[in-house]
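Hydrogens, waters and symmetry mates are skipped; everything else that's a heavy atom, side chains included, is used. Numbers restart at 1 for each chain; the letters A, B, ... are given by sequence-line order, proteins then strands.
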There are 2 protein chains.
Amino acid sequence: MTGLSASTVTVITNSLLERGALVAEAMSDFAGARRGRPQVRLSANPAHAAAAVIFLGLDTIEITLADYAGTVVASEVESTPTHELSANELTDAVISVLRRLLDRQGSGLAPLGRIAIGVEGIVDADGQTLLSSPVTGRSDVRLGQALENAFGASVEIANESNMIAEALRWKAPDRYGTDFASVLLSVGVGMGLYLNGKLFSGVRSSAVEFGHTCYKPDGALCRCGRRGCIEAYAGLQAIWRTATGGDQSKMPSQDLPENALELLMAKARGTDGPERHAFREAGNAIGIGLSNLFTMFDPIPLVFTGPGAAGLDLMMESIKAALAKTSYGLPVTVSIIDSYPDYRALIREGGLMRALVFLDHTMPGLGEIRERAALPD
Amino acid sequence: MTGLSASTVTVITNSLLERGALVAEAMSDFAGARRGRPQVRLSANPAHAAAAVIFLGLDTIEITLADYAGTVVASEVESTPTHELSANELTDAVISVLRRLLDRQGSGLAPLGRIAIGVEGIVDADGQTLLSSPVTGRSDVRLGQALENAFGASVEIANESNMIAEALRWKAPDRYGTDFASVLLSVGVGMGLYLNGKLFSGVRSSAVEFGHTCYKPDGALCRCGRRGCIEAYAGLQAIWRTATGGDQSKMPSQDLPENALELLMAKARGTDGPERHAFREAGNAIGIGLSNLFTMFDPIPLVFTGPGAAGLDLMMESIKAALAKTSYGLPVTVSIIDSYPDYRALIREGGLMRALVFLDHTMPGLGEIRERAALPD
DNA sequence: CTACTTTTTTCGATCCTCGAAAAAAAGAGG
DNA sequence: CCTCTTTTTTTCGAGGATCGAAAAAAGTAG
């Protein structure tokens, strides 16, 4: 992969082994009983560092702890009314869960080197401050600094959709290639976008706010305060609003029954009533949004994740209809459309990979090496 | 800039000078009469190669010839009814103009190394075939291959908006930085997009088809065959259609008076009638489109070019109004909005730079060097 | 003409990388 | 248990890129 010869690889890996940090000789001796001198298997050294992944959802704090080799060593989900907490209370809640998890591990785990946080909402460009998120009513929550002070580990906060795209990129690089989009269908409508083999993110802030792209000028009121956003038609609360004939000029209700999505899907699948219409409208909004995207750059593989992906069948027809409208007679064909409802697992995996890759890139001594060689990221 | 030491630069430039190709010692001895040993000024060697830039517009073929140092040596504009020609006739017309220009230069010019073509429309990913363009009714015009056969120089066809962005990047790198967008307001509405210091283009085809992004679902009919595109409100013919109360469900008229834009602007500036309303509507479409873009990635400097930029004052209010609608209370402020009506000059300059940079990158012998060093593009 | 200033070039040293050769670590077979 | 074969790893010397220090060059200032 690097283009280096075997002899050079020896020199480099030996110097890494001597430092005893990143790389360790893997004991897994499943050599496979082949002839010849067996290969020396190297692995990431679990003792090099530890990483934490935090998912911050509405009323949910989920924390996963892993070693540098990527093995998950602990995990915990805590229910807290995030929306009722002040910025400081929310920060403290996160700190206490993570501290409990770390204490339980004792000295068996390497020191925590990086914390990756996935959250719905908008994060500043440095990935340190939560500018705006439906998880908390507060803005400018300086979670990054607080966690860094508490644990001495650097922090990255990122939009959950970016984490999902990252996970898919690692899980199935062959299937999705260097360019694909993941669409998260939940209360919000998010997108993670990989272009040219790199996560596409804002110039200053972090997220590709696909859900707040305008579908109908002066259309339905969105949670964000604007009108006509895709999310104002395709978010869970918006689908509920459309299906129940709610006023489109008022904010969609936050108080949905626990199983709102299941109720909507059941009715929509049963009869061709307002529920089915609501899903169609959601599909149309998503389809137009995707069509606009594919007008800017060509069609790329799509992955739908999140609870809403369970209702994809109810939206697919209108999504495809919107995509089928061609410009100058040039066809728009999307080669791959996948559904992957378990978005929480993807956020865990994507967040972990981001944290681990960060640890790779901040290996002690790398600074001097990079300075000399002017290596790319 | 490269980070190399002066001694290394000596070695490299000397090897280039020995080959006598790319680099030559500049005779311009404007040393400035300073003390000490005078610097050796190097320049691109004009005799290394020549480049041609072709602008293919509606009823217009414009060709510019330049040497490797970037000096324009000849230029010609030819009026031809491009729309009435077959694919072969169009190709032949271009070839004959370029051949005439080259013949006139005689042996004074280095051999033609690269041809860059800027055109409105959609080009295939290789930049060889015109898939669809309003300049010609035909599709799949294999202009690249034909010119390469005729002149033995490699060819790149690109969307004119990309050329414009490229030119701005070279003209004022400090002002526009690594991220900016140029919006071309003409018969069509185009965009050139620089992101992360690189021209953003489609994964497969070439252009950022901003103008064919959907503004109003099921809205006015566009030249492209779809409904509600930005261009169906902000293209010149579309503004004319709106101002004259034309049927929005029919294609906009192709037969506009020569000075249609001037007529519209004069009336719009005079009275608050249908003309002014048409510009407002155009501004709104552009504004919503830009707002969507800035929702995906943060606000970046904007440059408006093309004849329509002369009417920017009539659209600015509604553009800014659309941009001002905030999401989650986060402000959208565009730091720089420039107007640069002479788009033809920009296409010439941008095309020339692309051609010259290509020649840099295909310098004889570079292949082996790059193979060894695994250099980036 | 000499002193000074500034830039370029030369030179030896260092580091990275490679291919060929040597060494190592296993299984296969007697 | 020993030797042969196979496969991988490692060592070693060579080549090339790059650098800093020193030397040379090419001017101006007086």
Measure [atom1]/[X] against [atom2]/[N] and give the value in whole Å, please.
| X | N | atom1 | atom2 | result |
| --- | --- | --- | --- | --- |
| A/Leu42 | D/dT8 | CG | C1' | 13 Å |
| B/Glu18 | C/dT9 | CD | P | 12 Å |
| A/Ile12 | D/dT9 | CD1 | P | 15 Å |
| B/Gln39 | D/dT28 | CD | P | 14 Å |
| B/Leu16 | D/dA17 | CG | P | 13 Å |
| A/Arg41 | D/dT8 | CZ | P | 11 Å |
| B/Arg35 | C/dT8 | CZ | C1' | 19 Å |

In chain order, what residues pass the salt bridge (charged side-chain N to carboxylate O under 4.0 Å, His left out) check against [X], with sequence neighbours excluded?
| X | result |
| --- | --- |
| B/Arg344 | B/Glu62 |
| B/Arg104 | B/Glu76 |
| B/Lys171 | B/Glu349 |
| B/Arg175 | B/Asp338 |

**Item:** Residue that, paired with B/Phe200, satisfies side-chain contact (heavy atoms from CB on, under 4.5 Å) out of B/Asn162, B/Leu195, B/Asp179
**Value:**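 The option that passes is B/Leu195.
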**Asked** Pick one: which of A/Val53, A/Leu98, A/Leu102 meets side-chain contact (heavy atoms from CB on, under 4.5 Å) with A/Ile63?
**Response** A/Leu98
**Item:** Nearest listed nucleotide, side chain of B/Thr10, among C/dT5, C/dT10, C/dT17
**Value:** C/dT10
**Message:** I want to verify a distance call: between C/dT17, D/dT18, C/dC4, whose nearest atom is closest to the A/Leu4 side chain?
**Reply:**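 Of the candidates, C/dT17 comes closest.
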**Asked** Can you name the residues that form a ring-ring contact (aromatic ring centres under 6.0 Å, His included) with A/Phe55, not counting sequence neighbours?
**Response**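 Result, ring-ring contact (aromatic ring centres under 6.0 Å, His included) vs A/Phe55: none returned.
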**Asked** So what does A/Val40 hit on the nucleic acid, given a heavy-atom distance under 4.0 Å: a base, only sugar-phosphate, or nothing?
**Response** sugar-phosphate
**Prompt:** How do B/Asn14 and A/Val11 order along DNA chain C: which one's closest nucleotide is nearer the 5' end?
**Reply:**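 Mapping each residue to its closest nucleotide by heavy atoms, the 5'-most match is B/Asn14.
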**Fill in**
Letter by letter from the 5' end, nucleotides 19-25 of chain C scores (B base, S sugar-phosphate only, - none; protein heavy atoms under 4.0 Å) B---BBB
